[in-house]
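Have a look at the structure below before the remarks.
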Amino acid sequence: MCNEESFTWLESEKEVAENSHIVVLGVTPQKVDAALENLKGVKIECLLTIVTGVPISHYQEVLGSDVPVIRAMPNTPLQIAEGATALCMSANASADDYDFVYSLFSSMGIARTIPEDKMSEIIAVNGSTPAYFYYFIDVMMKDAMAHGIEEESARALLVQTMIGSGELLMKNKTTPIEDFVNEVCSPGGTTIEAVNVMKQDDALAKVLKEANAKCIKRAEELGGK
């Protein structure tokens with residue numbers, strides 16, 4: 001049996017919206033108003049927006065208060081079906097549409113529903129944090145190389161350690177994370193020496209809190225708050 005695919009060529013954003021049940025809007029916050037301008041006057045059955053910071057109220061102010069809106073904040077591991085996506089919806093969005101969108105993102109990792117007033121804060125939980133992890137690995141890898149360890153081996157071992165640690169946390173969801181830290185930190189051993197440096201004067205916690213605060217502030221600025 002031959003499976004055939006067909007495609008329809010549409011000339012404009014309005015044509016796409018008019019021929020779609022769920023319209024997906026994925027642009028940078030700086031371009032959202034230009035994109036919405038092209039959708040004015042179209043009866044939109046459901047708008048799924050993947051735009052940082054812009055609240056539901058803004059879409060409804062531009063397109064009409066009757067437009068149902070679902071907001072999504074995914075992250076880049078979605079590319080390999082290991083994403084983490086935060087979702088919220090307007091009061092007039094249908095349960096069926098929301099369930100479909102929730103299932104869609106869940107099929108590419110995990111999804112969670114959060115209050116809309118936390119959609120800026122959630123960026124520092126799942127949206128931006130892949131970059132935090134990549135930067136941490138990069139710093140650790142370069143330090144390993146400075147100690148004479150070959151780059152490929154350092155990268156492979158660090159990446160697998162992160163994957164394995166994450167899997168261990170996933171398989172033990174009710175165990176306090178502090179217990180995993182203590183499991184590796186044997187009294188008088190090597191790891192506790194490293195962790196004590198990170199904990200000294202709350203150094204690492206302070207850096208992360210400041211980074212998150214600036215991340216959230218920028219999301220609010222982009223959303224026009």
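- Other residues, nucleotides and ligands place no more than 12 heavy atoms under 6.0 Å from the CD atom of Glu178.
- Panel note: side chain Asn19, backbone Glu15; a donor-acceptor pair is recorded below 3.5 Å.
- Residues Pro77 and Pro130 form a side-chain contact, since some pair of their non-hydrogen atoms from C-beta on lies under 4.5 Å apart.
- Other residues, nucleotides and ligands place no more than 12 heavy atoms under 6.0 Å from the CZ atom of Phe136.
- Rounding to the nearest 0.5 angstrom, the gap separating the OG1 atom in Thr85 from the CD1 atom in Ile122 is 11.0 Å.
- Using a 4.5 Å heavy-atom threshold, the side chains of Arg112 and Tyr102 count as touching.
- Residues satisfying the side-chain contact (heavy atoms from CB on, under 4.5 Å) criterion with Ser128, sequence neighbours excluded, are Ile123, Tyr132, Cys215.
- Judged by distance alone, the side chain of Asn196 and the main-chain N or O of Ile192 form a donor-acceptor pair under 3.5 Å.
- The only option from Asp97, Asn92, Asp96 that meets the side chain to side chain donor-acceptor pair (under 3.5 Å) definition with Ser94 turns out to be Asp97.
- You'll find the side chain of Phe100 stays beyond 4.5 Å of the side chain of Ile70, heavy atoms only.
- The distance from atom CG of Leu157 to atom CD of Glu152, rounded to the nearest 0.5 Å, is 8.0 Å.
- Using a 4.5 Å cut-off between side-chain heavy atoms of Ile, Leu, Val, Met, Phe, Trp and Tyr, Val67 falls into a hydrophobic cluster with Val23, Leu25, Val27, Val32, Leu36, Leu39, Val42, Ile44, Leu47, Val51, Val54, Ile56, Tyr59, Val62, Leu63, Val69.
- In this structure a side-chain-to-backbone donor-acceptor pair under 3.5 Å is missing from Lys199 to Leu204.
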Evaluate Ser153 against Glu150 for side-chain hydrogen bond (donor to acceptor under 3.5 Å, both in side chains), listing each step before the verdict. CA-CA 6 Å; Ser153 295; Glu150 189 266 328; 3.1 Å; yes
Trace of the salt bridge (Lys or Arg N to Asp or Glu O under 4.0 Å) decision for Glu220 with Lys217: CA-CA 5 Å; Glu220 292 174 342; Lys217 183 175 182 290; over 6 Å; no
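- Using a distance-only test at 3.5 Å, with no hydrogens or angles considered, a donor-acceptor pair links the side chain of Ser107 to the main chain of Leu104.
- Proximity of Glu82 to Ile110: side-chain heavy atoms (C-beta onward) are nowhere separated by under 4.5 Å.
- Between Thr52 atom OG1 and Glu221 atom CD the span is 13.0 Å, to the nearest 0.5 Å.
- Both Phe133 and Met140 belong to a single network of hydrophobic side chains, linked directly or stepwise wherever heavy atoms of I, L, V, M, F, W or Y lie under 4.5 Å apart.
- Grouping the Ile, Leu, Val, Met, Phe, Trp and Tyr side chains by contacts below 4.5 angstrom, directly or via other members, places Tyr135 apart from Leu208.
- In this structure, Lys118 and Glu121 have side chains that are in contact, with non-hydrogen atoms separated by less than 4.5 Å.
- Taking OG of Ser120 as the reference point, atom CZ of Arg218 lies at 12.0 Å (rounded to 0.5 Å).
- Summarising the geometry of Met119 relative to Ala86, their closest heavy-atom pair is CE-O, 3.9 Å, with the distance given to 0.1 Å.
- Side-chain atoms of Asn75 do not come within 3.5 Å of backbone N or O of Gly83 as any donor-acceptor pair.
- Remark: side-chain polar atoms of Asn172 are paired, donor with acceptor, to backbone N or O of Leu168 under 3.5 angstrom.
- Judged by distance alone, the side chain of Gln60 and the main-chain N or O of Ser57 form no donor-acceptor pair under 3.5 Å.
- Distance alone, capped at 3.5 Å, is enough to place a donor-acceptor pair between the Asn126 side chain and the Met73 backbone.
- Linking ILVMFWY side-chain heavy atoms closer than 4.5 Å, directly or via other members, places Leu158 and Ile149 in two distinct hydrophobic clusters.
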Side chain to side chain contact (heavy atoms under 4.5 Å, CB included) for Thr28 and Lys31? Distances and angles first, verdict last. CA-CA 5 Å; Thr28 62; Lys31 295 181 179 179; 3.5 Å; yes
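- In this structure, CE on Met141 lies 6.0 Å from CZ on Arg155, to the nearest 0.5 angstrom.
- Taken from NZ in Lys40 to NZ in Lys14, the straight-line distance is 9.5 Å, to the nearest 0.5 Å.
- The two residues Pro55 and Arg71 have their closest heavy-atom pair at CA-NH1, 3.5 Å.
- With a 4.5 Å cut-off on side-chain heavy atoms, Asp33 and His58 count as touching.
- Annotation: His21, atom NE2; neighbour count of heavy atoms from other residues, nucleotides and ligands within 6.0 Å is above 12.
- Looking only at side-chain heavy atoms (C-beta outward), Glu45 and Pro68 stay at 4.5 Å or farther from each other.
- The hydrophobic cluster containing Ile50 also contains Tyr98, counting ILVMFWY residues as joined when their side-chain heavy atoms lie under 4.5 angstrom apart, directly or transitively.
- Here the side chains of Met162 and Ile137 are in contact, with some heavy-atom distance below 4.5 Å.
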